[in-house]
Amino acid sequence: MTDEMKILFPEEVYKLESGEQVFVRPVPFGKLKVFSEAVASLTLKLSGLGLDIKNVDDWKVLFDVAFEETLNVMGIVLEKPREWFDMITISDGIGLLAIIVEQNLNEGAKKNIHTLIEKVTLLLQTSSSSSSAPGTAGRESKVIP
């Protein structure tokens with residue numbers, strides 16, 4: 001699919017081994033809070049491991065340590081109940097997870113979050129420095145003896 005088509009139709013159709021079609025869509029902005037909470041829970045669970053997922057053994061550790069958190073993220077994105085995942089194959093589950101990661105945790109999203117953090121930080125610093133300055137800019141107070 002071309003980049004233009006991905007912008008117009010961001011969903012991807014994944015065909016399960018059972019023949020069922022699953023539509024995988026990027027997380028809409030309105031679900032960002034619940035999605036980010038689920039990802040934060042997954043990240044928190046993995047943070048102590050120093051996991052660098054580069055091979056099959058690393059993925060095994062991910063699933064051993066944070067399987068339910070991974071399913072929670074997938075359930076939010078796919079709008080599927082936990083029980084649904086017990087009915088699909090391992091291959092399908094991993095294939096769907098790969099699409100979810102590609103759609104939602106890509107470099108574009110990371111770049112936009114980084115830009116947003118920089119702008120909010122700058123805004124807070126500017127707001128903080130202007131609110132802590134004594135007096136009102138441009139006005140002089142007159143003391144009447």
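Hydrogens, waters and symmetry mates play no part in the numbers below; they use all other heavy atoms, side chains included. By convention here, the first residue in the shown sequence is residue 1.
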For Phe29, enumerate each residue passing the side-chain contact (heavy atoms from CB on, under 4.5 Å) test, keeping only those at least two apart in sequence or located in another chain.
Leu32
Do Val34 and Val27 touch side chain to side chain, with heavy atoms closer than 4.5 Å?
no
Could you give the distance from CD (Glu11) to CD1 (Ile99), rounded to the nearest 0.5 Å?
11.5 Å
Applying the 4.5 Å side-chain criterion to the ILVMFWY set and letting contacts propagate, would Val77 and Met87 be lumped into a single cluster?
no
Nearest 0.5 Å, what's the CZ-CG distance between Arg25 and Asn104?
12.5 Å
Suppose clustering is done on Ile, Leu, Val, Met, Phe, Trp and Tyr with side-chain heavy atoms closer than 4.5 Å. Which residues sit in the same group as Leu122?
none
Qualifying residues under salt bridge (charged side-chain N to carboxylate O under 4.0 Å, His left out), relative to Lys31, sequence neighbours excluded:
Glu79
CG (Leu96) and CG (Leu16) are apart, to the nearest 0.5 Å, by 6.0 Å
First locate atom CZ of Phe35, then atom CG of Asn72, and finally report the distance between them rounded to the nearest 0.5 Å.
10.5 Å
Between Val101 and Phe85, is there shared hydrophobic-cluster membership here, with clusters defined by ILVMFWY side-chain heavy atoms closer than 4.5 Å?
yes
Distance-minimising heavy-atom pair for Ala38 and Ile76
CB-CD1, 3.6 Å
side-chain hydrogen bond (donor to acceptor under 3.5 Å, both in side chains) with Asp92: which residues, sequence neighbours excluded?
Tyr14, Thr89
Applying salt bridge (charged side-chain N to carboxylate O under 4.0 Å, His left out), name anything that partners Arg82, two or more places apart in sequence or on another chain.
Glu68, Asp86
